[in-house]
Amino acid sequence: MGRGYLHNSQGRIMRIFALIDCNNFYASCERLFRPALKNSPVVVLSNNDGCVIARSQEAKDVGVPMAAPAFKYKDFFLKNNVHVFSSNYALYGDLSQRVASTLYTFTPEMEVYSIDESFLEFPEHKADELLKIGMEIRNKVFKWTGIPVSVGFGPTKTLAKAANRFAKKENRTNGVFSLCKGVDIDELLDKVPVTDVWGIGRRHGKKLIDRQVTTARLFKDLPDLWIKKNMAVTGLHTALELRGTPCFSLEDAPPPKKTISTSRSFGRPVSALPELEESVAAYVSRAAEKLRGQNSLAGGVMVYLTTNRHNTQPQYSNTATRMFPVATDYTPEIISAAIKGIRSIYKEGYKFKKTKVVLLELSHKYNRQANLLELDDKAGKEKKKSLMKLLDTANKRFGRQTLNYASEGISQLWKMNRNFKSPDYTTNWHELPEIK
DNA sequence: TCTGGGGTCCTAGGACCC
DNA sequence: TCTGGGGTCCTAGGACCC
């Protein structure tokens with residue numbers, strides 16, 4: 001949890017948060033290894049090559065909207081010479097770590113918030129040199145990783161986010177902007193649409209706009225009671241943060257996940273149960289790997305299947321949950337429970353679009369609750385443990401898919417499309433870039 | 001034909017107990 | 001059998017984030 005607020009007799013000490021955000025991150029990553037695309041429009045598609053999830057500035061300029069469905073924009077891409085990539089998370093994850101370790105050289109007071117954003121916190125006495133620090137951050141990250149970033153400073157995380165937005169949108173800021181000192185915050189928040197505020201999403205945004213509350217400034221001046229009633233305490237925290245009172249601190253050691261899920265849309269509609277079972281087995285494998293990666297055990301597994309909500313064919317979706325007698329991280333046991341689950345909800349005659357697996361009630365493996373019925377089979381347990389370890393090590397070293405369970409299927413015809421994937425330049429020996 | 005995936009938090013309301 | 005209040009626990013659904 002947080003570090004609490006700092007107070008002294010003179011009043012609150014100003015805290016200084018910085019939000020560093022990689023510009024058009026996935027598009028920037030793809031361009032790093034294709035310098036020829038430096039000034040060209042580039043877009044990155046979601047899994048399954050479904051819709052646009054990242055756009056270079058040039059792509060924004062020619063008018064590609066966020067979340068544009070790729071199939072509708074095929075001609076548009078051709079006509080405007082837009083370069084299209086499938087998403088390549090191995091590449092983005094690796095570059096993300098490089099950016100994070102560069103930021104860490106500025107201060108250990110750091111929270112990696114997402115794949116392309118980090119919060120830093122600086123002591124109050126730095127308040128007069130923030131723009132200089134911001135420029136140093138930008139320059140160093142670009143020099144060391146090739147990724148352009150924007151830097152926003154503010155007395156709360158929410159204001160640092162808003163500052164970052166100015167850094168990115170206004171050319172004259174040179175990518176660095178501060179709301180900490182020497183600016184009229186209210187005047188600037190007048191310019192921020194309420195839906196751009198961190199913590200206000202589409203639904204609440206619409207509700208606010210319907211009541212003429214269109215800007216961050218108008219929102220933060222609403223009565224607390226109204227906010228609490230209509231937007232719960234989370235909404236109130238957002239308002240307080242806009243007023244300069246920190247409600248969120250850095251989270252330095254992200255707590256282990258409480259649920260772990262894996263799901264993918266299929267590359268084509270799937271009706272046959274055996275194929276659905278294969279997909280479920282494959283997703284369990286992946287989820288169980290993540291589970292062991294954070295040293296957790298799962299108390300249960302939920303499976304989900306659904307048809308394609310976007311078409312007009314008959315719809316069906318359902319979930320099934322199976323609990324384990326004793327929490328486990330043993331892939332075959334989870335697969336078999338998940339397959340029983342999918343069989344119990346499967347119905348013939350539908351075209352399914354997606355299955356999903358969620359591992360539930362995670363606990364740490366070292367304070368595992370024993371079960372009275374459990375047999376004391378030490379040798380068997382050791383064997384399972386070393387098998388899982390072997391599996392994870394091999395897949396990590398030689399690439400996922402090195403060792404698979406037969407139940408995951410061999411041909412995997414249901415697998416998602418990734419027709420425009422770039423090579424794994426930085427994480428796979430066979431795909432290192434060549435210099436001519 | 002083709003529109004992502006992986007999380008967290010909060011609240012209302014039902015079930016159940018005394 | 002009916003009445004009422006108060007408390008806890010659980011779940012589904014809604015909302016948000018990247």
Side-chain angles (χ1 to χ4, degrees), chain A residues 1 19-22 24-26 43-54 64-75 77 84-89 92-93 96 111-119 157-158 161 164 194-208 227-238 247-248 251 254-270 279 283 286-287 290-291 294 300 302 304 306-313 318-319 321 323 351 353-362 416-420:
Chain A
M1 291 294 287
L19 177 73
I20 292 88
D21 186 320
C22 301
N24 317 320
F25 183 52
Y26 299 166
V43 299
V44 178
L45 304 182
S46 64
N47 274 331
N48 225 15
D49 296 338
C51 58
V52 172
I53 55 171
V64 182
M66 193 59 174
F71 73 94
K72 277 192 189 167
Y73 277 80
K74 225 169 170 179
D75 292 341
F77 291 155
V84 179
F85 292 90
S86 301
S87 36
N88 180 351
Y89 287 101
Y92 314 147
S96 169
E111 171 192 344
V112 176
Y113 176 67
S114 75
I115 195 164
D116 68 340
E117 287 176 48
S118 290
F119 284 104
K157 280 180 156 182
T158 304
K161 270 273 197 182
N164 187 284
V194 72
T195 43
D196 278 15
V197 172
W198 187 43
I200 296 180
R202 259 210 345 267
R203 299 299 281 268
H204 284 150
K206 185 174 182 310
K207 201 192 293 182
L208 288 165
I227 300 176
K228 175 91 200 316
K229 185 157 167 268
N230 290 277
M231 302 169 67
V233 292
T234 38
L236 191 53
H237 286 154
T238 298
C247 296
F248 311 120
E251 305 202 0
K257 306 242 176 300
K258 296 171 180 170
T259 60
I260 289 177
S261 59
T262 300
S263 71
R264 299 277 182 280
S265 297
F266 302 136
R268 56 165 178 76
V270 170
S279 70
Y283 302 160
R286 181 71 195 102
K290 298 184 212 167
L291 180 76
Q294 67 163 31
M302 187 196 92
Y304 166 79
T306 183
T307 47
N308 187 349
R309 294 189 317 277
H310 295 290
N311 66 28
T312 53
Q313 292 171 347
N318 207 346
T319 65
T321 302
M323 303 309 290
K351 292 182 170 170
K353 177 63 181 166
K354 182 196 293 204
T355 55
K356 170 173 175 165
V357 162
V358 186
L359 303 181
L360 310 162
E361 305 211 347
L362 307 191
M416 65 178 183
N417 302 318
R418 281 173 103 190
N419 294 328
F420 314 102

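All chains are named by letter (A, B, ...) in the order of the sequence lines, taking the proteins before the strands, and each is independently numbered beginning at 1. Fair warning: this is a prediction, and the values are worked out from it, not measured in the lab.
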Looking across every strand, which nucleic acid part, if any, lies under 4.0 Å from [X] by heavy atom: base, sugar-phosphate, or nothing?
X        : result
A:Asn47  : sugar-phosphate
A:Val44  : nothing
A:Lys72  : nothing
A:Arg202 : sugar-phosphate
A:Asp116 : sugar-phosphate
A:Lys351 : nothing

Set of residues satisfying side-chain hydrogen bond (donor to acceptor under 3.5 Å, both in side chains) with respect to [X], sequence neighbours excluded:
X        : answer
A:Ser87  : none
A:Tyr73  : none
A:Asn318 : A:Tyr316
A:Thr262 : A:Lys290

**Request:** Considering only atom C1', compute the distance from C:dC17 to B:dG4 and round it to an integer number of Å.
**Result:**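 To the nearest whole Å, 15 Å.
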Residues in salt bridge (Lys or Arg N to Asp or Glu O under 4.0 Å) contact with [X], at least two apart in sequence or another chain:
X        : answer
A:Lys206 : A:Asp210
A:Asp49  : none
A:Arg268 : A:Glu275

**Message:** For chain A and DNA chain B, what are the first and last nucleotides along the strand, 5' to 3', with at least one atom under 4.0 angstrom from a heavy atom of the protein chain?
**Reply:**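 The contact span of chain A on DNA chain B goes from B:dC2 to B:dT11.
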**Geometric class of the A:Trp198/A:Phe119 ring pair [parallel <30°, tilted 30-60°, perpendicular >60°]** =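 Answer is tilted, since the angle falls between 30° and 60°.
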**Asked** Given that A:Ala232 and A:Asn308 both sit by DNA chain B, which one's nearest nucleotide is further toward the 5' end?
**Response** A:Asn308
**Asked** How do A:Lys74 and A:Cys51 order along DNA chain B: which one's closest nucleotide is nearer the 5' end?
**Response** A:Lys74
**Message:** Nearest 0.5 angstrom please: A:Tyr283 OH to A:Thr355 OG1, how far?
**Reply:** 4.5 Å
**Message:** Suppose we screen for side chain to side chain contact (heavy atoms under 4.5 Å, CB included). Which residues come up paired with A:Met66, at least two apart in sequence or across chains?
**Reply:** A:Arg55
**Message:** Holding to side chain to side chain contact (heavy atoms under 4.5 Å, CB included), I want the full list of residues that pass it with A:Lys353, two or more places apart in sequence or in another chain.
**Reply:**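 With neighbours one apart ignored, the set is A:Asn48, A:Ser265, A:Asn308.
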**Prompt:** For DNA chain B, what residues of residues 258-268 of chain A have any heavy atom nearer than 4.0 Å?
**Reply:** A:Lys258, A:Thr259, A:Ile260, A:Ser261, A:Thr262, A:Ser263, A:Arg264, A:Ser265
**Request:** Could you give me the stems involving DNA chain C, meaning stretches of three or more consecutive Watson-Crick or G-U wobble pairs whose two defining distances are both below 3.5 Å?
**Result:**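 Detected stem regions: B:5-18 with C:5-18.
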